[in-house]
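The structure appears right after this line, and notes come after that.
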Amino acid sequence: MYDVERIREDFPILKRTIYGKYPLVYLDNAATTQKPRSVVEAMTDEYYNVNANVHRGVHFLSQQATDLHERSRETVRSFLNARSASEIVFTRGTTESINLVANCYAEAFMREGDEVIISEMEHHSNIVSWQLVQARKGIRLRVIPLTDEGYLDMEAYRQLFNEHTRIVSITHVSNVLGTVNPVEEIIRIAHDHDVPVLVDGAQSAPHFAVDVRKLDCDFFAFSGHKLYAPTGIGVLYGKEKWLDRIPPYMGGGEMIKTVTMEKTTYNDLPYKFEAGTPDYVASTGLARALEYVSALGMAHIEAHERDLVQYAMRRMGEIEDVHIFGPKDGRDSVISFRVGDIHHLDMGTLLDRLGIAVRTGHHCAEPLMRRLGVEGTCRASFALYNTRAEVDALVAGIERVRKMF
């Protein structure tokens, strides 16, 4: 059985009282998740007992720290079901992973007039990264439109391909709408045109099992801090055939084999993309977080969160003048909403005074906000430790704020 009350004991912050009065109701998990004791304790233990720079060191601590770091890479490989640990590149998060692909893939394979397909629901990290390439190389962004129900227009997607299409870069799950995109179909269509696909998995990897070999994606990115791990650590999965062919993202130590004043040769994968000292303690924290969710079972986490979202959709639908954005069915653990003409910032601020943490604003998705015809929304997002009682608290809070207006 999925015992959410027992699970909550692993997250001390959930016992906090806000403003000395209200128990914390933390519903901002799409921005970042809280950390279980096992993650924090593993990192503390490493700093106190194993701290030494990884790789190249011959002394005991360095070798022990290196072993922990590389075992963490293997944990990530297993979590994603990648073919090889050499396909797992540690980054600072999804944003850096997307920037790495945008810059390195474009450098190797794109020239003026070439095109990248993205969508109208992308996070800024999957828009601006390609716009920077556009400004530098003269490429073109082609955008998959949305239906009024909040899904990708797949027929329009099929029509975007031509002889200039070089890559598709798409979010797995919308951080605003909760839409779970049909990435297997998206990838299959792209591969029919010999076009690789980068999947932004920031909002999918924490919520349901991801198998990169089953998806057959060419690149997959996710962030540790959205998956119960520390900030500043993330992952780029890439098929070896692509990582071998694209140039390094940054230069420095570790990513080299030999350096002379005339020429540098690069290291093997994945170190070719990991210049400088990695955050080897954060990689340990990431591994512990992945072990934590794997022990609970991703299928159990998914079922728990889907139940919460369905319950929340039903309860919030009872609120007068509420408008929930995105699909009614099949959404992931995000609900963006507005109530009447109450400004989203006012709603979020007043909910905070009741101890309820939600996100307000454009959620780093301004083009999507324009498509929805709003300046911003309130967003409640759920995690493995949230409860139906917290949904009830959110609904009661919204009702209280609504009556004030």
Side-chain angles (χ1 to χ4, degrees), residues 10 33 35-94 96-97 100 201-202 205-206 209-214 219-240 243-244 249 252-257 267-298 301 384:
D10 295 333
T33 53
K35 320 307 173 193
R37 292 180 187 274
S38 59
V39 168
V40 178
E41 289 172 356
M43 295 174 67
T44 300
D45 180 72
E46 184 164 1
Y47 273 127
Y48 283 164
N49 297 300
V50 194
N51 185 48
N53 209 330
V54 296
H55 304 136
R56 302 183 301 281
V58 297
H59 60 83
F60 179 83
L61 287 183
S62 177
Q63 293 184 50
Q64 192 174 16
T66 299
D67 182 58
L68 282 172
H69 185 61
E70 294 306 324
R71 276 193 283 161
S72 297
R73 195 187 307 275
E74 172 58 26
T75 299
V76 177
R77 183 212 64 76
S78 177
F79 183 75
L80 294 178
N81 194 32
R83 187 186 62 82
S84 167
S86 63
E87 297 178 318
I88 303 301
V89 178
F90 285 123
T91 65
R92 290 181 300 161
T94 306
E96 183 174 71
S97 296
L100 188 160
V210 172
D211 185 328
V212 293
R213 282 194 277 182
K214 183 173 182 290
F219 302 98
F220 186 91
F222 74 90
S223 297
H225 73 97
K226 297 180 190 293
L227 216 167
Y228 314 100
T231 56
I233 188 74
V235 168
L236 173 66
Y237 157 82
K239 288 181 178 176
E240 278 192 21
L243 295 180
D244 273 333
Y249 185 44
E254 185 60 30
M255 52 76 63
I256 57 88
K257 277 189 175 178
N267 205 346
D268 297 330
L269 297 178
Y271 311 111
K272 168 184 169 182
F273 296 101
E274 293 182 352
T277 297
D279 196 339
Y280 51 85
V281 177
S283 67
T284 295
L286 174 60
R288 293 299 176 275
L290 299 184
E291 290 167 356
Y292 182 87
V293 297
S294 296
L296 291 178
M298 292 305 297
I301 293 169
L384 58 83

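Model, not experiment: these values are computed from the prediction.
- Between Leu68 and Glu46, the closest side-chain pair of non-hydrogen atoms falls below 4.5 Å.
- Side-chain contact check for Tyr237 versus Val76: every heavy-atom pair is 4.5 Å or farther apart.
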Q: Dump the intermediate steps for side chain to side chain donor-acceptor pair (under 3.5 Å) on Thr66 and His55, then the final yes or no.
A: CA-CA 6 Å; Thr66 299; His55 304 136; 5.1 Å; no
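- Under a 3.5 Å cut-off, the side chain of Ser283 and the backbone N or O of Ser72 do not form any donor-acceptor pair.
- Atom OG of Ser97 is separated from atom CZ of Phe219 by 11.0 Å, given to the nearest 0.5 angstrom.
- The closest donor-acceptor contact from the side chain of Arg77 to the backbone of Ala82 lies under 3.5 Å.
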Q.
Checking Ser84 against Glu240 for the side chain to side chain contact (heavy atoms under 4.5 Å, CB included) test, could you report, in this order, the C-alpha distance in whole Å, the side-chain angles of both residues, the deciding distance, and whether it holds?
A. CA-CA 9 Å; Ser84 167; Glu240 278 192 21; 3.6 Å; yes
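- You'll find the side chain of Ile256 stays beyond 4.5 Å of the side chain of Tyr271, heavy atoms only.
- Side-chain atoms of Ser62 never come within 3.5 Å of backbone atoms of Val58 as a donor-acceptor pair (strictly under, hydrogens ignored).
- Here the side chains of Asp211 and Leu80 are not in contact, with every heavy-atom distance at 4.5 Å or above.
- Looking at Tyr292 and Asp10, their side chains come closer than 4.5 Å, going by heavy atoms from C-beta outward.
- Smallest separation of non-hydrogen atoms from Pro206 and Gly201: CD-O, 4.1 Å.
- Sorted by first and then second residue, the pairs that involve residues 289-298 and meet salt bridge (charged side-chain N to carboxylate O under 4.0 Å, His left out), not counting sequence neighbours, are Arg288-Glu291.
- For the atom pair Asp279 CG and Ile233 CD1, the distance stands at 5.5 Å (nearest 0.5 Å).
- In this structure, Lys35 contributes its side chain and His225 its backbone to a donor-acceptor pair below 3.5 Å.
- Taking CG of Leu286 as the reference point, atom CG of Leu227 lies at 7.5 Å (rounded to 0.5 Å).
- Judged by distance alone, with hydrogens and angles left aside, the side-chain atoms of Thr44 form a donor-acceptor pair with the main-chain N or O of Val40 at under 3.5 Å.
- Defined by atom type and a distance below 3.5 Å, a donor-acceptor pair is missing between the side-chain atoms of Tyr280 and Asn53.
- Heavy atoms only, all atoms of each residue included: Phe90 and Glu274 are closest at N-OE2, 2.7 Å.
- Between the side chain of Lys214 and the backbone N or O of Asn81, no donor-acceptor pair lies under 3.5 Å.
- Electrostatic pairing of Lys257 and Asp268 counts as a salt bridge here, judged by a charged N lying under 4.0 Å from a carboxylate O.
- Judged by distance alone, with hydrogens and angles left aside, the side-chain atoms of Tyr228 form a donor-acceptor pair with the main-chain N or O of Leu384 at under 3.5 Å.
- Minimum interatomic distance between Val210 and Ala205 (heavy atoms only, all atoms of both residues): CG2-CA, 4.1 Å.
- A donor-acceptor pair under 3.5 Å is absent between the side-chain atoms of Lys226 and the main chain of Thr94, judged by distance alone.
- Under the 4.5 Å side-chain criterion, counting only non-hydrogen atoms from C-beta, Val235 is in contact with Ile88.
- A donor-acceptor contact shorter than 3.5 Å links the side chain of Glu87 to the backbone of Arg83.
- With hydrogens and angles ignored, the 3.5 Å screen pairs a side-chain donor or acceptor of Asn267 with a backbone N or O of Glu254.
- Here the shortest heavy-atom pairing between Ala52 and Ala65 reads O-CB, 3.4 Å.
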Q) Taking it one step at a time, do Glu70 and Arg73 satisfy salt bridge (Lys or Arg N to Asp or Glu O under 4.0 Å)? A) CA-CA 5 Å; Glu70 294 306 324; Arg73 195 187 307 275; 2.8 Å; yes
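- For Met43 against Pro230, the heavy-atom pair with the smallest separation is SD-CG, 3.6 Å.
- For the pair Val89 and Thr91, the minimum side-chain heavy-atom distance is below 4.5 Å.
- For Tyr249, there are no ring-ring contact (aromatic ring centres under 6.0 Å, His included) partners two or more places apart in sequence or in a different chain.
- Taking the side chain as every heavy atom from C-beta outward, Phe273 and Leu236 never approach each other to under 4.5 Å.
- Residues Tyr47 and Asn51 approach most closely at O-CB, 3.5 Å, considering heavy atoms.
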